[in-house]
Amino acid sequence: MLSAGICNSAIRIGGFGPMDGKHLTSCFNDVILLPLPTWLLLLFGLPILVISSRSNLVSSVRPSAPPRTQLMVPRSIPQPTTRSSSRFSRIITWIYRLLVLAALLMSILEITRLALSHSGIGLLPFTLAGILLAMVMLGMRARGQRKPKVVGGILMVFWGILVAFQAVKVDTLIWVENMAKAAGSKGPSMYPNSDKSLDNYVILGLYAVLFFYELVHLVLPHRQTHISPARNASSEEELVRGGKPEQSSFA
């Protein structure tokens, strides 16, 4: 009775077992495979995040070296390209957040339609929990409460595992749809196999985009405004001599 509520093997092709020929069954995917990334996030990702935050806190409370006399160096004037790239980066970040929300909503849609078709929702709510945890981690990274590189690395692994397992699920759904067509069936009327495949294609695409975003965000260095070495050296010489740095014509 419990297995029927989790995954109705009477409706799903392949039954409740892990394998049917060369393909994993849809029950195995929804009960074991897809929830696994969330378990890994809970067992490994969150502890790594906590340990990194504690190490950062310990390093921040260590006694610092005596303050050194700092030279007043004129700030470089922000260039239009820097402002435009910063605006573009903010737009990409908001698109990324919307895609995370879209992945959450698509998972809710799939779970709802599986429940309405009496196919069983498996343990797919654990996938929802993992996406919600990812959204919380994104909020902490945006507020500067956690190291961006650590959060990015954890999320990249999380999305990457989801991409791999979702691709396996899509392969199974293609096989199920072909088997049903050969038998002259379209699947449950409340959730036809074609609709189920389409929903999971979209989910796979969203996971792939989220993974590549974190990968690029982790690999590419952040653009920072820097001071020209020549101008920095001339300014230091002026200050050592007791003079004032040369004022910019843009001031």
Side-chain angles (χ1 to χ4, degrees), residues 29-30 33-61 78 82-112 121-170 199-225:
N29 289 334
D30 290 348
L33 203 62
L34 265 301
L36 189 57
T38 299
W39 288 111
L40 296 177
L41 181 63
L42 291 171
L43 294 176
F44 299 101
L46 292 186
I48 291 174
L49 194 64
V50 172
I51 292 172
S52 66
S53 63
R54 286 184 177 180
S55 63
N56 189 28
L57 180 62
V58 171
S59 62
S60 64
V61 299
T82 304
R83 290 195 296 268
S84 61
S85 61
S86 177
R87 189 182 302 111
F88 177 75
S89 177
R90 287 196 299 270
I91 293 174
I92 295 298
T93 300
W94 276 106
I95 292 176
Y96 173 76
R97 294 171 181 172
L98 290 176
L99 291 178
V100 175
L101 179 60
L104 179 68
L105 295 177
M106 285 299 302
S107 297
I108 294 175
L109 175 65
E110 182 189 16
I111 291 173
T112 303
I121 63 173
L123 295 181
L124 291 178
F126 278 93
T127 304
L128 292 181
I131 298 176
L132 288 173
L133 282 175
M135 296 176 73
V136 172
M137 293 171 65
L138 288 174
M140 291 190 298
R141 181 171 68 179
R143 292 191 295 269
Q145 296 177 352
R146 294 295 185 271
K147 294 180 180 179
K149 293 292 184 181
V150 175
V151 175
I154 294 173
L155 290 178
M156 183 190 69
V157 173
F158 175 67
W159 298 128
I161 298 176
L162 274 177
V163 168
F165 289 172
Q166 184 68 24
V168 173
K169 181 178 179 178
V170 166
D199 290 346
N200 281 272
Y201 290 151
V202 174
I203 293 174
L204 176 60
L206 289 171
Y207 288 161
V209 173
L210 298 176
F211 166 73
F212 281 112
Y213 172 87
E214 290 295 346
L215 177 63
V216 172
H217 194 265
L218 195 65
V219 172
L220 292 182
H222 297 286
R223 184 185 298 274
Q224 295 179 350
T225 305

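The closest side-chain donor-acceptor pair between Thr93 and Arg97, if any, does not fall under 3.5 angstrom.
Here the CD1 atom belonging to Ile121 is positioned 9.5 Å from the CG atom belonging to Asp30, to the nearest 0.5 angstrom. Separating the CG atom in Leu155 from the CG atom in Leu133 is a distance of 10.0 Å, to the nearest 0.5 Å. Rounding to the nearest 0.5 Å gives a distance of 13.0 Å between CZ of Phe126 and CG of Leu34. How far OG1 of Thr38 is from CG of Leu132: 9.5 Å, rounded to the nearest 0.5 Å. To the nearest 0.5 Å, atoms CG (Leu124) and CG (Asn29) are separated by 9.5 Å. Distance check, rounded to the nearest 0.5 Å: CG of Leu104 to OG1 of Thr127 gives 11.0 Å.
Residues passing the side-chain contact (heavy atoms from CB on, under 4.5 Å) test with Val150 are Ile48, Leu49, Ser52, Lys147, Ile154, sequence neighbours excluded.
Residues Met106 and Asp199 come closest through the heavy atom pair CE-O, 3.7 Å. The minimum heavy-atom distance linking Phe158 with Ala134 is given by the pair CE2-CB, 4.3 Å. Nearest heavy-atom pair across Tyr207 and Ser107 is OH-OG, 3.8 Å. Considering all non-hydrogen atoms of both residues, Lys149 and His217 come closest at NZ-O, 4.1 Å.
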Distance-only donor-acceptor hits, side chain of residues 159-167, under 3.5 Å, sequence neighbours excluded:
| from | atom 1 | to | atom 2 | distance (Å) |
| --- | --- | --- | --- | --- |
| Trp159 | NE1 | Tyr96 | OH | 3.2 |
| Gln166 | NE2 | Asn200 | O | 3.4 |
| Gln166 | NE2 | Asn200 | OD1 | 2.7 |

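When each of Leu215, Ile131, Leu99 is tested with Leu210 by the rule side-chain contact (heavy atoms from CB on, under 4.5 Å), just one qualifies, namely Leu99.
For residues 130-144, the pairs satisfying salt bridge (charged side-chain N to carboxylate O under 4.0 Å, His left out) are Arg141-Glu214, with sequence neighbours left out.
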